[in-house]
Amino acid sequence: MLDALSKLPLKDPDLLRQANFIDGAWVKSDSGKVLEVRNPATGELVGTVPSMGQAETRRAIEAANAAWPAWRAMLASERAAILKKLAAAMLANADDLAAIMTAEQGKPLAESKGEVSYAASFIEWFAEEARRVNGETIPQNAKGRRILVTKEPVGVFAAITPWNFPAAMITRKAGPGWAAGCTGVIRPASQTPFSALAIAVLAERVGMPKGVCNVITGPSSATGKELTANPLVRKLSFTGSTEVGRVLLAQCAETIKKTSMELGGNAPFIVFDDADLDEAVKGAIASKYRNTGQTCVCANRVLVQEGVYEAFSAKLKAAVEALKVGNGMEEGVTQGPLINADAVKKVQEHINDALSKGAKVVTGGKPHEKGGNFFQPTVLAEVPHDALIFREETFGPVAPLFRFKTEQEAIKLANDTEFGLAAYFYSRDVGRIFRVAEALEYGIIGINEGIISTAEAPFGGFKQSGLGREGSSHGIEEYLETKYLALGGIGA
Ligand SMILES: NC(=O)C1=CN([C@@H]2O[C@H](COP(=O)(O)OP(=O)(O)OC[C@H]3O[C@@H](n4cnc5c(N)ncnc54)[C@H](OP(=O)(O)O)[C@@H]3O)[C@@H](O)[C@H]2O)C=CC1
Ligand SMILES: O=C(O)[C@H](O)CS(=O)(=O)O
């Protein structure tokens with residue numbers, strides 16, 4: 001184990017913490033059991049984390065609840081000051097946080113560094129938002145009365161997060177929660193716990209009071225059960241698959257928890273015949289192959305108008321073949337491994353199904369010669385609409401090209417899914433831009449843009465892609481309750 005840890009090129013090895021953080025203490029599990037975390041590129045052991053059960057989870061919730069009164073009583077500016085220090089500490093330790101992320105998640109180091117900045121931006125943004133949680137007065141409905149509205153922190157939050165953005169999905173939830181005056185329990189994905197634990201190390205260092213930030217790891221059956229059932233948890237924020245989101249929503253129903261759900265996607269990427277094809281290719285590469293296609297906002301279906309189909313396909317082929325597959329720690333690598341063997345299997349299933357229904361391989365199409373979890377960046381052409389890849393989120397580096405003739409057909413195809421998170425389209429016709437943007441049933445629409453996520457904008461989906469919004473000024477509302485004060489007896 002020691003040599004696995006020492007292999008990570010960390011300036012501050014103390015950031016890689018093989019323990020959980022509960023009530024300001026670094027602890028092991030009651031059973032002493034641990035979970036292994038392995039590097040998806042090499043299979044090497046990165047380290048181990050405690051396998052916490054329901055009892056430890058309950059203690060973390062109780063610690064958050066005990067810390068809540070003092071945290072909420074702080075001035076917003078005092079909470080903001082601590083959050084600003086945390087954001088600064090994340091940026092000051094970006095190289096180490098990125099190395100830890102690449103080791104546990106596999107994404108190229110440059111993408112990990114980008115995610116650390118992106119994650120810190122949510123802490124910075126909500127440090128500012130903390131001081132703008134304003135209430136309102138409303139013209140009274142009778143003499144001698146006043147109507148006041150205040151906003152108050154909802155209470156203890158639980159955050160359950162996925163492996164694909166091990167830092168940003170933590171701060172996109174804990175940032176607004178802490179800013180609003182809530183305290184929380186963070187339960188990161190089992191494959192990628194170390195990024196969350198490193199953030200807890202930094203939160204402790206910048207003086208976040210004990211119990212405000214708690215990070216636990218362990219089987220979702222035990223931790224998730226307690227987080228969704230315990231009445232002290234007033235808010236659950238989840239990012240992950242729609243299937244799991246459905247389970248968690250049902251589990252939260254018993255105690256009527258406030259919930260935010262950032263779930264699966266099936267993003268259409270539409271190229272109209274009036275598009276700038278070079279820009280469209282850049283956008284397709286950015287949207288489809290970021291994190292080796294493992295983001296919920298990745299282009300999942302590429303719809304190309306038939307007049308530009310061949311030209312776009314040829315340009316995309318050339319760009320995809322320029323991608324470099326390898327260990328994310330290696331210079332110049334732009335495509336890391338998939339997260340595990342199951343992910344490789346699902347990607348191959350989608351490709352084989354499409355080929356069996358008449359699709360053709362433009363480039364790629366099978367596991368990479370490096371073996372393991374590496375996969376060839378792939379483009380498929382002539383994909384039929386009844387292919388699995390049209391219906392299901394691939395979560396891998398495969399761009400299936402579908403033809404369409406008219407704008408109406410494109411909109412119909414794009415909306416033909418139970419998901420509604422992100423959509424993209426390329427056009428330079430202003431009338432078309434407004435018509436298509438207004439017709440697409442998605443929470444996020446990239447127009448001549450392939451990368452759309454930023455702390456300033458509301459992130460969230462329509463239909464079965466989720467509930468609520470993260471980021472922007474909307475994101476803090478998810479951690480607030482609205483209170484109406486009917487004030488009487490004021491006299492004439
Ligand atoms: N809308 C969005 O912003 C995002 C959506 N996603 C979607 O998530 C999927 C891929 O991510 P993935 O991590 O595999 O998603 P999962 O839904 O499998 O897991 C997400 C998190 O939920 C936990 N979890 C799983 N089952 C339970 C349960 N029964 N109770 C409590 N917690 C549970 C997992 O824990 P463990 O690690 O132990 O399994 C993990 O921490 C894709 O569909 C993708 O689109 C992913 C990222 C962002
Ligand atoms: O988990 C994800 O896929 C993220 O939500 C995508 S993004 O916010 O980094 O775009």
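Indexing begins at 1, ligand by ligand and atom by atom, following the structure's order.
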Protein heavy atom under 4.0 angstrom of atom 17 (O) of ligand 1, is there one?
-> yes
Check whether NZ of the Lys or CZ of the Arg Arg469 lies under 6.0 Å from the centre of the six-membered ring of Phe459 and within 45 degrees of that ring's axis.
-> no
Determine, using heavy atoms of Arg246 and all atoms of ligand 1, whether some pair is separated by less than 4.0 Å.
-> no
Protein residue, atom and distance nearest to atom 21 (C) of ligand 1, heavy-atom basis | Thr161 O, 3.5 Å
Arg172 near ligand 2 by a heavy-atom separation under 4.0 Å = yes
Any heavy atom of Glu262 sitting closer than 4.0 Å to ligand 2?
-> no
Answer with yes or no whether the side chains of Ser237 and Lys173 bring together a donor and an acceptor at under 3.5 Å.
-> yes
Between His368 and Phe375, is the gap from one ring center to the other below 6.0 Å?
-> no
Please say whether Ser465 places an N or O atom under 3.5 Å from an N or O atom belonging to ligand 1.
-> no
Side-chain donor or acceptor of Lys258 paired with backbone N/O of Leu480 under 3.5 Å | yes
What do we get for Leu263 next to ligand 1 when only non-hydrogen atoms under 4.0 Å count, side chain, backbone, both or neither?
-> backbone
Donor on one side chain, acceptor on other, Glu478 and Ser260, under 3.5 Å | yes
